[in-house]
Amino acid sequence: MGCAGEVAWKNWRMGVRITMADTLFIGFLILLLVRVSSALPLCTDSRAPLTSKASLSFCPYNGTICCNTKHDSDLQKQFESMNVSDPSCASLLKQILCAKCDQFSAELFDIKSGARPIPVLCNSTVLMNSSQSNEAAQNYCSKLWRTCENISVWNSPFAPSLQGPRATVNSTPSKITDFWQSEKDFCNAFGGASSDGHVCFEGGQISLNMTQAEPPPQGLCVEKIGNGSYLNMVAHPDGSNRVFVSSQDGKIWLATVPKVRSGSTLELDVSSPFLDISDILHFDAQFGLMGLAFHPNFVNNGRFFVSFNCDKTQWSGCVGRCSCNSDVNCDPTKLGSDGGSAPCQYHSVIVEYTANGTSTTPSQATTANPSEMRRIFTMGLPYTSHHGGQILFGPEDGYLYFMMGDGGNRGDPFNFAQNKMSLLGKIMRLDVDKMPSATEIDDLRLWGNYSIPKDNPFSQDNKSQPEIWALGLRNPWRCSFDLERPSYFVCADVGQEFYEEVDLITKGGNYGWRVYEGYGLFTPIWSPGGNTSTRSINAIFPVMGYNHSAVNIHEGSASIIGGYFYRSTSDPCMNGRYLYADLYAGALWAGLENPTDSGNFNSALIPFNCASDSPIPCTYVPASTLPALNYIFSFGEDNSKDLYLLAANGVYRVVAPSRCNYTCSKEVVTPVGSLAPSPSPSSAHLLFVPLKKLCLLLLVSPLLLW
Ligand SMILES: *[C@@H]1O[C@H](CO)[C@@H](O)[C@H](O)[C@H]1NC(C)=O
Ligand SMILES: *[C@@H]1O[C@H](CO)[C@@H](O)[C@H](O)[C@H]1NC(C)=O
Ligand SMILES: *[C@@H]1O[C@H](CO)[C@@H](O)[C@H](O)[C@H]1NC(C)=O
Ligand SMILES: *[C@@H]1O[C@H](CO)[C@@H](O)[C@H](O)[C@H]1NC(C)=O
Ligand SMILES: *[C@@H]1O[C@H](CO)[C@@H](O)[C@H](O)[C@H]1NC(C)=O
Ligand SMILES: *[C@@H]1O[C@H](CO)[C@@H](O)[C@H](O)[C@H]1NC(C)=O
Ligand SMILES: *[C@@H]1O[C@H](CO)[C@@H](O)[C@H](O)[C@H]1NC(C)=O
Ligand SMILES: *[C@@H]1O[C@H](CO)[C@@H](O)[C@H](O)[C@H]1NC(C)=O
Ligand SMILES: *[C@@H]1O[C@H](CO)[C@@H](O)[C@H](O)[C@H]1NC(C)=O
Ligand SMILES: *[C@@H]1O[C@H](CO)[C@@H](O)[C@H](O)[C@H]1NC(C)=O
Ligand SMILES: *[C@@H]1O[C@H](CO)[C@@H](O)[C@H](O)[C@H]1NC(C)=O
Ligand SMILES: *[C@@H]1O[C@H](CO)[C@@H](O)[C@H](O)[C@H]1NC(C)=O
């Protein structure tokens, strides 16, 4: 660890009072979400496709696919059971069965609308309407009809009774014409076009076209709107221009976001927090109030959830099972220490509170009662670091996702992250709407007051903890769902020695730690908990990230901070790019997916600057043109989709690039006052501060060393 090392999470405080902004924000426009396709590569079981080294023997699929050898031989049996006499039709039917192996099979079989028996068959109406009659112009759906209409097959997948989840098959052979009167009827039922942003099946492996490579944005422009230092910013669920912000030492405030270009600052009253739980939480380097999430129905039920750490010697509510236990072959007396705590002295907890205004309308509540709480989850921690703590409600399923690190110590010595009987190094998914009975909690050995969603990947596997959604993480620090594509659930995962990574999280996905760190194999220095072999897992590799060496930081001193897919209109050149940062280096990256929906990203460091008309003027790193944000802890997003950097020096909002003299051809620049737009951006923006300089900066910072 470099000089900043563990100091990173040390106490900083609200160094400066925040004054009330003078302008109220009126007429706030809530942009409606535009729902577009979400064709993230996914299999019909909602899991991520895997990379297979060997080709399949029956289905002609290789590379990133949804079938293993077992699926392949099952498909072969299914095909043989159809006993298709005509070779041309047989060849098409084989293609259709094998579409299950495509990396986009979830989309092809439209599992969102309840899984079709066969994939969406391309039936481009454009080609139909053209007068071309040659074979090549024929669309796949009509080709299938014309080839197979009179052919008898057993267990036909085209029977209307089979639409929907697989039904029992009838025991006589049938022709398509037994079920469908005409090609038109048939293609109305099974056809679809690729033009509406969805994929359709044309007989082979789906490949997406590369889109025109867009030039990277020239830079990211921010304005400073607050002096406070926060770990969380969550948009108010009522859709208003308000956000909740929380400090690591245990306070949550309700704040009003100033209108862009109003010159105003984040409006909040430091002396009257929305909730103050600093008396029951434990605050230290990596401990404190880590996560905050509002129930999807908050506006009606006022329920919200806080994830924090406690010390069992300090708070009587800090009780629960220890994560080091016999289920995971961990003996608490053999844990050793990473900094002087007794095993499971500190816990990770989620507690539910209720907001209730005088009017009993939760949206109008300005405080919540700290004594009105229900403990949702409690787990004792083995060491003092790597316990994530972010909580998020899934935008589509309404379940609570809970990010948990490997529990700490170098190289996950007990191999918790790969152990499915441990909740360390996992992303969990909990149902907080169905409360279990005390006996259910005991029978299922749950860690609190929640139940298990039926479709959790390991809910039926008694050798796994049913809470697990994904595994193999080291310390997921900041995850988000793309506002426009809810299936894009992205987490940054802090690395150990070499590589900081960004993962696309899918159901049951194993993200590799500590078999792998990033793309490379990891060698543990101490492994009392044993090892997991590379062959026994199907690791999913990062989609973005950076080497420690690539950002000129000393080994061990980088720490990734996950952000969001940028969806605001404020910076049109940033649209659709995933933004992330490094805690120490003052470096920002933007990742672009190409082709769209492929899960294939390219990311690059991006220069940033502070608008010269920033409501609170920015200070600069000495002898550089880089704004002095100090540590970047997290990102936030408000109800108008604007993005914020939550840094030790304050709250920074991403604004129009022209305000930093960055050129963005998509921006409509409205000149302000008499300022003529300047054509040339300053050339010498540093992309990151070398660590030595940063250390110097930190040493003189009054915010950190009190
Ligand atoms: C933020 O801090 C600066 C420098 O101390 C001060 O001038 C300014 O008034 C503060 N602004 C707010 C909104 O607290
Ligand atoms: C898949 O197979 C084809 C044809 O056999 C080959 O050209 C291609 O390189 C293979 N792709 C991968 C990713 O193995
Ligand atoms: C398959 O079909 C052929 C004729 O089309 C028939 O002779 C054979 O018995 C069938 N096999 C099965 C297993 O039904
Ligand atoms: C299928 O049978 C119908 C009716 O006998 C006939 O009109 C049609 O041409 C046949 N199709 C093929 C492809 O043989
Ligand atoms: C193609 O598929 C769509 C969607 O199912 C359907 O509405 C349309 O009628 C089909 N076109 C033809 C020519 O069958
Ligand atoms: C991909 O590009 C080819 C050639 O430009 C075009 O014919 C095809 O329709 C494109 N496919 C998709 C899915 O956009
Ligand atoms: C909400 O407020 C009403 C009256 O203001 C009170 O009777 C009720 O107990 C409160 N409920 C909760 C959950 O705080
Ligand atoms: C469940 O909630 C009740 C009521 O708050 C609490 O007494 C109990 O300890 C909780 N269970 C766990 C395991 O936290
Ligand atoms: C776990 O499940 C297996 C197979 O379903 C069963 O044989 C075994 O008894 C179960 N073990 C426990 C501890 O319930
Ligand atoms: C785990 O792997 C490391 C590195 O290869 C090795 O040194 C160690 O002995 C292994 N530990 C066990 C328990 O197998
Ligand atoms: C940097 O990371 C890439 C993967 O993104 C890897 O291939 C390369 O070897 C790494 N370079 C160094 C110097 O670690
Ligand atoms: C942008 O250019 C204007 C005019 O040259 C200058 O006043 C302003 O300071 C520049 N802003 C930044 C952030 O460099």
Side-chain angles (χ1 to χ4, degrees), residues 39-82 91 93-112 115-120 155 157 165-166 199 201 203-208 417-420 426-427 455-464 466 468-473 487 489 503-513 515-516 519 521 531-543 597-600:
L40 165 69
L42 274 187
C43 303
T44 45
D45 59 1
S46 297
R47 300 193 187 220
L50 301 167
T51 305
S52 85
K53 279 145 212 149
S55 293
L56 299 175
S57 59
F58 178 66
C59 290
Y61 281 76
N62 63 7
T64 305
I65 57 178
C66 286
C67 291
N68 56 26
T69 49
K70 168 141 197 338
H71 299 135
D72 189 50
S73 73
D74 288 347
L75 289 169
Q76 182 165 12
K77 280 182 203 128
Q78 192 185 346
F79 175 73
E80 281 160 4
S81 79
M82 290 163 75
S91 143
L93 292 179
K94 177 181 168 180
Q95 288 176 352
I96 281 174
L97 293 184
C98 286
K100 277 257 162 67
C101 297
D102 196 278
Q103 59 171 327
F104 290 100
S105 64
E107 184 87 356
L108 282 175
F109 286 85
D110 197 10
I111 56 161
K112 282 234 177 80
R116 306 153 51 102
I118 64 165
V120 176
N155 308 323
R166 276 185 67 87
V199 291
F201 188 68
Q205 213 159 341
I206 303 288
S207 65
L208 298 170
Q418 286 298 327
N419 188 337
K420 288 191 261 185
K426 307 296 182 313
I427 289 172
D455 61 338
N456 268 14
F458 305 109
S459 63
Q460 303 305 317
D461 173 358
N462 61 12
K463 292 202 180 69
S464 301
I468 298 173
W469 180 253
L471 64 147
L473 296 130
S487 63
F489 178 29
D503 296 310
L504 205 41
I505 302 298
T506 52
K507 176 175 175 173
N510 184 337
Y511 294 87
W513 174 249
V515 179
Y516 297 94
Y519 300 89
L521 287 169
N531 297 319
T532 298
S533 72
T534 51
R535 282 172 181 279
S536 65
I537 64 167
N538 275 306
I540 300 173
F541 290 100
V543 292
D597 297 337
S598 65
N600 200 43

Under the 3.5 angstrom rule, does the side chain of Tyr61 hit a backbone N or O of Gln103 as a donor-acceptor pair? no
So, taking the atom named CG in Leu108 and the one named CD1 in Ile118, what distance separates them when rounded to the nearest 0.5 Å? 11.0 Å
I need the minimum non-hydrogen distance between Val543 and Gly599, along with the two atoms involved. CG1-O, 3.6 Å
Phe109 side, atom CZ; Leu42 side, atom CG - distance, nearest 0.5 Å: 14.0 Å
Donor-acceptor pair, distance only, cut-off 3.5 Å: does the side chain of Asp461 make one with the backbone of Lys463? yes
With sequence neighbours left out, the residues meeting side-chain hydrogen bond (donor to acceptor under 3.5 Å, both in side chains) with Ser105 are none
Spacing of OG1 belonging to Thr506 relative to CG belonging to Asp45, to within rounding of 0.5 Å: 9.5 Å
Side chains of Asn510 and Gln418 only: does a donor on one sit below 3.5 Å from an acceptor on the other? yes
Nearest heavy-atom contact between Pro119 and Ala99 is CG-CB, 3.7 Å
For Val515 and Thr532, work out which heavy atoms get closest and say how close. CG2-O, 3.6 Å
For Phe58, all residues meeting ring pair (Phe, Tyr, Trp, His ring centres under 6.0 Å), sequence neighbours excluded: Phe79
Tell me if the CD atom of Glu80 is crowded by more than 12 foreign heavy atoms within 6.0 Å. yes
Apply side-chain contact (heavy atoms from CB on, under 4.5 Å) to residues Ile206 and Glu107 and explain how you reach the verdict. CA-CA 11 Å; Ile206 303 288; Glu107 184 87 356; over 6 Å; no
Check the pair Phe489, Ile427 against side-chain contact (heavy atoms from CB on, under 4.5 Å), reporting the backbone distance first and the verdict last. CA-CA 11 Å; Phe489 178 29; Ile427 289 172; 4.2 Å; yes
Donor-acceptor pair, side chain of Lys100 and main chain of Cys43, under 3.5 angstrom: no
Step-by-step side-chain contact (heavy atoms from CB on, under 4.5 Å) determination, Leu473 to Asp503: CA-CA 9 Å; Leu473 296 130; Asp503 296 310; 4.0 Å; yes
Would the distance check show the side chain of Asp72 and the main-chain N or O of Cys59 forming a donor-acceptor pair, the cut-off being under 3.5 Å? yes
If I compare all heavy atoms of Asn456 with all of Trp469, which pair ends up nearest, and what's the gap? OD1-CE3, 3.9 Å
Do the cysteine sulfurs of Cys98 and Cys67 sit under 2.5 angstrom from one another? no
Would you tell me whether His71 and Asn68 have side-chain atoms, one donor and one acceptor, within less than 3.5 Å of each other? yes
Any non-hydrogen side-chain atom of Ile96 less than 4.5 Å from a side-chain atom of Pro157? no
Please find the pair of heavy atoms, one from Ser81 and one from Asn155, that lie closest to each other, and give the distance. OG-ND2, 3.1 Å
Please confirm whether the backbone N or O of Asp455 pairs with a side-chain atom of Lys507, one donor and one acceptor, at under 3.5 Å? yes
Minimum-distance pair of heavy atoms, taken over all atoms of Ser459 and Pro466: CA-CB, 4.0 Å
Taking Leu504's backbone N and O only, do any of them form a donor-acceptor pair with Tyr511's side chain (distance below 3.5 Å, no angle check)? yes
Roughly how far, to the nearest 0.5 Å, is CD1 of Ile540 from OG1 of Thr51? 9.0 Å
Would Thr44 and Cys66 count as a side-chain contact (heavy atoms from CB on, under 4.5 Å) here? Give the steps. CA-CA 8 Å; Thr44 45; Cys66 286; over 6 Å; no
Partners meeting side-chain hydrogen bond (donor to acceptor under 3.5 Å, both in side chains) with Lys77 (sequence neighbours left out): none
Could you give the distance from OG1 (Thr69) to CG (Leu56), rounded to the nearest 0.5 Å? 8.0 Å
Measure the shortest side-chain to side-chain distance between Thr64 and Pro41 over non-hydrogen atoms and say whether it is less than 4.5 angstrom. no
Value rounded to 0.5 Å, distance of OG in Ser598 from CG in Leu208: 6.0 Å
